[in-house]
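The residues of the chain are indexed from 1 along the displayed sequence. Note that the structure is predicted; figures quoted are calculated from it, not measured.
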Amino acid sequence: MNIKSLRGMHDLLPADSSAWQQLEGRLRELMQAYGYSEMRTPLLERTDLFCRSIGDATDIVEKEMYAFPDRHGESIALRPENTASCVRAALQHGLMRQGAQRIWYMGPMFRYERPQKGRYRQFHQVGAEVYGVAGAIVEVELMLLTARLWRALGISDSIRLEINTLGTDADRTAYREKLIQYFSDNSEQLDEDSQRRLGSNPLRILDSKNPEMQALIEAAPKLRDNLGDEATQHFEQLQEGLSAAGVEFSINPRLVRGLDYYSHTVFEWVTDHLGSQGTVCAGGRYDGLVTQLGGPETPAVGWAMGIERLLVLLEELVGAAESVPAHAYLVAMGDAAQTAALGMSERLRDAVPNLRLTNNVSGGNAKAQFKKADRSGAAVALVVGEHELSDGSFSIKPLRGDGEQQTLDFAQTVNYLTVLTEKD
């Protein structure tokens with residue numbers, strides 16, 4: 001019996017890797033353009049980190065987290081999200097004492113949930129976090145960063161921004177009591193999940209997708225009617241900043257996010273092209289998380305997006321990403337050429353740093369090698385035979401278009417390949 005991958009854990013095959021690499025490259029360039037530095041955290045953390053940060057009553061901790069005892073009996077978990085890990089790392093290594101921090105991350109996360117298209121048990125997220133900056137202006141910057149990504153990917157017309165405010169801790173505590181009272185008075189209309197959340201996380205009831213509860217939820221008390229001056233001014237500043245920057249948005253009063261550590265601003269970039277799971281990117285402000293994990297009072301805000309889901313969206317809206325072919329394929333004719341070809345290829349790579357050059361290392365006659373060269377997608381074949389070996393030249397045969405084959409010395413070949421690579 002062949003061993004297969006676990007359910008919800010997917011292999012990334014060579015044919016699919018090009019789309020990932022292209023997206024990851026764009027993300028790295030974008031983060032650098034905005035002054036964000038990369039942070040990499042371990043896949044394994046103490047389970048308590050996520051219980052304290054995300055909240056014991058959340059679906060992630062209750063149902064989805066991969067947690068287990070290690071050989072010494074300590075409970076450890078595969079990270080289900082990375083904000084808590086980044087804050088833990090920043091505290092552990094003293095980054096909070098070094099002024100404002102702009103960081104970003106990218107990597108795998110793990111949640112035990114029902115796999116579906118673009119949503120797996122091992123999934124990948126990219127995220128951006130800012131520590132030590134209060135106010136709504138930095139929130140606008142984070143939304144502008146993502147808006148620029150949508151434009152770069154050619155999908156900005158298919159994604160819209162929704163925002164909301166959760167107010168201060170005091171606002172939310174008072175509102176929470178009103179919600180509990182309201183839903184308790186109508187408990188017979190609550191489904192099983194909502195009844196479970198009533199005493200632990202009543203705001204999550206507002207996010208229920210159960211159609212039988214929508215009228216009840218719509219009539220529930222509104223958080224915006226229970227905001228103090230601080231939260232109201234913060235939310236107004238956010239809206240003014242987005243409008244001044246030309247970013248369109250709508251206010252969604254039912255947007256609450258599923259993690260306990262959010263306060264003030266929450267936001268989502270959503271689309272109608274992913275079915276019922278339409279959120280592409282989500283985040284908000286979490287000023288209390290640093291103190292929750294033992295650090296000093298520190299304002300913090302960030303967002304995260306799932307790479308698999310974004311790639312599904314890109315394929316639907318833009319089309320499948322094309323693989324990046326080699327610039328050249330080296331065909332070696334004869335035993336002596338086969339022996340010398342690798343060294344000659346290294347000299348070319350040294351002289352043309354961006355060159356993508358594939359060597360034929362499996363032998364074969366001229367017809368078979370040229371067939372492989374054509375299938376590789378390379379623009380040209382570099383042919384090395386007895387004649388080329390004797391004078392250090394290369395015969396260059398275009399594989400695309402109507403160009404003529406020509407023989408060039410080493411310096412001329414370098415110039416030819418340099419021009420070829422610059423066309424990318």
Side-chain angles (χ1 to χ4, degrees), residues 10 12-36 38 102 104-109 116-120 123-129 138-163 238 241-250 252 255 266-284 302-327 354 356 377 379 400 420-424:
H10 285 240
L12 179 61
L13 302 180
D16 303 318
S17 63
S18 181
W20 283 72
Q21 291 166 354
Q22 291 177 40
L23 177 58
E24 289 167 354
R26 285 184 181 273
L27 287 165
R28 286 190 176 90
E29 292 172 0
L30 185 66
M31 296 301 180
Q32 291 170 357
Y34 279 76
Y36 285 69
E38 186 178 9
R102 283 181 167 89
W104 73 280
Y105 61 83
M106 182 161 49
M109 314 293 160
Q116 51 190 296
K117 188 175 182 181
R119 198 179 184 106
Y120 308 120
F123 59 100
H124 296 74
Q125 281 188 340
V126 60
E129 318 270 349
V138 68
E139 299 164 11
V140 174
E141 179 186 83
L142 284 163
M143 296 178 206
L144 285 172
L145 190 158
T146 44
R148 183 170 296 275
L149 176 63
W150 313 142
R151 293 196 298 273
L153 297 175
I155 58 175
S156 57
D157 290 342
S158 301
I159 298 181
R160 63 186 182 276
L161 175 63
E162 295 183 352
I163 64 173
L238 172 68
L242 289 170
S243 297
V247 179
E248 295 184 4
F249 63 90
S250 62
N252 179 357
L255 178 59
V266 289
F267 63 92
E268 290 184 355
W269 289 93
V270 298
T271 181
D272 296 323
H273 295 270
L274 289 175
S276 60
Q277 302 291 335
T279 302
V280 181
C281 172
W303 56 253
M305 72 175 79
I307 293 179
E308 285 91 347
R309 301 182 76 197
L310 181 54
L311 287 169
V312 169
L313 182 63
L314 282 172
E315 185 170 353
E316 178 174 333
L317 296 177
V318 181
E322 296 182 359
S323 60
V324 180
H327 295 113
N354 295 323
R356 297 191 298 273
R400 311 282 174 254
L420 185 63
T421 61
E422 288 174 350
K423 293 178 180 179
D424 279 356

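- Remark: Glu316 engages His273 in a side-chain hydrogen bond (donor to acceptor under 3.5 Å, both in side chains) (not counting sequence neighbours).
- Every ring pair (Phe, Tyr, Trp, His ring centres under 6.0 Å) that Trp269 has, sequence neighbours left out, goes to Trp150.
- Checked against side-chain contact (heavy atoms from CB on, under 4.5 Å), His10 has the following partners two or more places apart in sequence or in another chain: Tyr120.
- Checked against side-chain contact (heavy atoms from CB on, under 4.5 Å), Ala304 has the following partners two or more places apart in sequence or in another chain: Tyr105, Gln125.
- Under the side-chain hydrogen bond (donor to acceptor under 3.5 Å, both in side chains) criterion, Arg28 pairs with no residue at all, not counting sequence neighbours.
- Applying the salt bridge (charged side-chain N to carboxylate O under 4.0 Å, His left out) test to residues at least two apart or on different chains, the pairs with a partner in residues 141-153 are Arg102-Glu141.
- Applying the salt bridge (charged side-chain N to carboxylate O under 4.0 Å, His left out) rule to Asp272 yields the partners Arg160; only residues at least two apart in sequence or on another chain are considered.
- For the salt bridge (charged side-chain N to carboxylate O under 4.0 Å, His left out) test, no residue two or more places apart in sequence or in another chain qualifies with Glu24.
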Validation: residues 243-250 side-chain donor-acceptor distances under 3.5 Å, sequence neighbours left out:
unit_1: Ser243; atom_1: OG; unit_2: Gln239; atom_2: O; d: 3.0

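- Checked against side-chain contact (heavy atoms from CB on, under 4.5 Å), Pro108 has the following partners two or more places apart in sequence or in another chain: Leu43, Arg79, Phe110, Gln122, His124.
- Partners of Leu12 according to the side-chain contact (heavy atoms from CB on, under 4.5 Å) rule, which considers only residues two or more places apart in sequence or in another chain, are Asp16, Ser17, Trp20.
- Listed by chain and number, the residues in a side-chain hydrogen bond (donor to acceptor under 3.5 Å, both in side chains) with Asn252 are Glu162 (sequence neighbours excluded).
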